[in-house]
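A quick write-up on the structure given underneath.
Numbers for residues simply follow the sequence, beginning at 1.
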Amino acid sequence: MSAVTEPRRFLPLVAGVARGPRIEPRTVRVSLTDRCDLACVYCRPSRTDGYLEKRLDDDAWKAMVRALLRAGVRRVRITGGEPLLHPRVTELVAFVASLGVEDLALTTNATLLEKLARPLRDAGLRRLTVSLDSLVPERFWRITRGGHLDRVLAGIEAARAAGFDELKTNTVVLRHENDDELASIVEWAWARGIVPRFIEVMRVGEGANLPPEKLVGHDEMRWRLARMLSDDAGRRDADRGPAKYVASRHDPKLRVGFITGTTDTYCDTCDRLRVASDGTLRPCLATNDGVDAMELAQRGDVEGLVGAIGEAWALKPDGDTWKGCTEQTAADVSMRAIGG
């Protein structure tokens, strides 16, 4: 295997952590590829950090999705690396849509979205989230290590024109990098019918190598946006992940999301499973533990995969004691390889 850390099979997360989560897996993030055309400072050390040697082919990927649905998963988010780098991403989106999932979403850096937005929508993609860490071209270039903001903005405009059910942005907030842009990003997003979300930098993989002072916590973000947002604590959308949303002070139809993986973890409500592009079933973002299911997927063994999914879910730590991306094991995880 390359520089990406190889997952372990059936190993305990940490001594003394209880198993047996009270909730069942209903949501999955499926990584189409670990390849990415950017190298964001909180995700990837460089553009030459190495890739997985083997990835699921299309048939194996389809077998995996069939098994996930048979195991009870109802909401699918397609991720990467950068999923739009996969040459048949629209065909695979259409396949998932044909299975009748309750929700089908995709996360992208949008560098290739301008040409793919309409085909993805036509293929059945319902919701789209775009990473957008700055509206200043020079900053965007620096944070993403070479990204072109104009290409991303063109992709977002194409997505707006395509008419997705929901369009969101994700901004990882970094002190002295983009923390002075929160209000301008909110205003920009609201003017376009987009829901902006702000993410605390997490000590996962490359994020653990950033100086601790780079963290801008949720409370400080709320303080910076106080004139724009209502004073309530915010609430999560049912079955839609960990983000808490706060409405505009002046228009309840407008809102901002916050993901607090560092200052306020949310493991006790997590119903999420992850599938890396090499077929590893991962129960948690904050550890390399998982079940290697590539061989089962390559054989098209759906029943065997259902069993492997159960084994992976049994590895999920007890969210009452496990604190996600604040755990020491999180530093050893490749965010890009696991699908974020």
Should we say atom CZ of R235 is surrounded by more than 12 heavy atoms from elsewhere, each under 6.0 Å from it? no
Got a sec: does the CD of E91 have more than 12 other heavy atoms crowding it under 6.0 Å? yes
Same cluster for L69 and F95 if Ile/Leu/Val/Met/Phe/Trp/Tyr side chains link at under 4.5 Å? yes
Gap separating the [atom1] atom of [X] from the [atom2] atom of [Y], nearest 0.5 angstrom:
{"X": "T90", "Y": "L125", "atom1": "OG1", "atom2": "CG", "answer": "11.0 Å"}
{"X": "T27", "Y": "L68", "atom1": "OG1", "atom2": "CG", "answer": "11.0 Å"}
{"X": "T79", "Y": "D34", "atom1": "OG1", "atom2": "CG", "answer": "10.5 Å"}
{"X": "R151", "Y": "F140", "atom1": "CZ", "atom2": "CZ", "answer": "10.0 Å"}
{"X": "L38", "Y": "R145", "atom1": "CG", "atom2": "CZ", "answer": "10.5 Å"}
{"X": "E114", "Y": "E157", "atom1": "CD", "atom2": "CD", "answer": "10.0 Å"}

Below 4.5 Å, heavy atoms only, C-beta onward: do [X] and [Y] meet side chain to side chain?
{"X": "L215", "Y": "R175", "value": "no"}
{"X": "W61", "Y": "V96", "value": "yes"}
{"X": "H148", "Y": "W141", "value": "yes"}
{"X": "T262", "Y": "V201", "value": "no"}
{"X": "V152", "Y": "I156", "value": "yes"}
{"X": "H86", "Y": "R35", "value": "no"}
{"X": "V130", "Y": "L113", "value": "yes"}
{"X": "Y245", "Y": "V195", "value": "yes"}

Please set out all donor-acceptor pairs under 3.5 angstrom arising from side-chain atoms of residues 99-110, sequence neighbours excluded.
from	atom 1	to	atom 2	distance (Å)
D103	OD1	R127	NE	3.0
D103	OD2	R127	NE	3.3
D103	OD2	R127	NH2	2.6
T107	OG1	R77	NH1	2.8
T108	OG1	E82	OE1	3.4
T108	OG1	E82	OE2	2.8
T108	OG1	A110	N	2.9
N109	OD1	T111	N	3.0
N109	OD1	T111	OG1	3.0
N109	ND2	D37	OD1	2.9
N109	ND2	E82	OE1	3.4

R139 side-chain N/O to R142 backbone N/O, donor-acceptor pair under 3.5 Å: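 Such a contact is absent between R139 side chain and R142 backbone.
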I'd like to know if the side chain of N178 and the backbone of D133 have a donor-acceptor N/O pair within less than 3.5 Å.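 Yes, because the side chain of N178 sits within donor-acceptor range (under 3.5 Å) of the backbone of D133.
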Electrostatic pair [X]:[Y] at N-O distance under 4.0 angstrom:
{"X": "E295", "Y": "K54", "value": "no"}
{"X": "E200", "Y": "K244", "value": "no"}
{"X": "R224", "Y": "E220", "value": "yes"}
{"X": "D165", "Y": "R121", "value": "yes"}

H218: what forms a ring-ring contact (aromatic ring centres under 6.0 Å, His included) with it, not counting sequence neighbours? F258
Run R255 and E166 through salt bridge (charged side-chain N to carboxylate O under 4.0 Å, His left out) and show every step you take. CA-CA 13 Å; R255 58 186 191 152; E166 185 177 68; 3.8 Å; yes
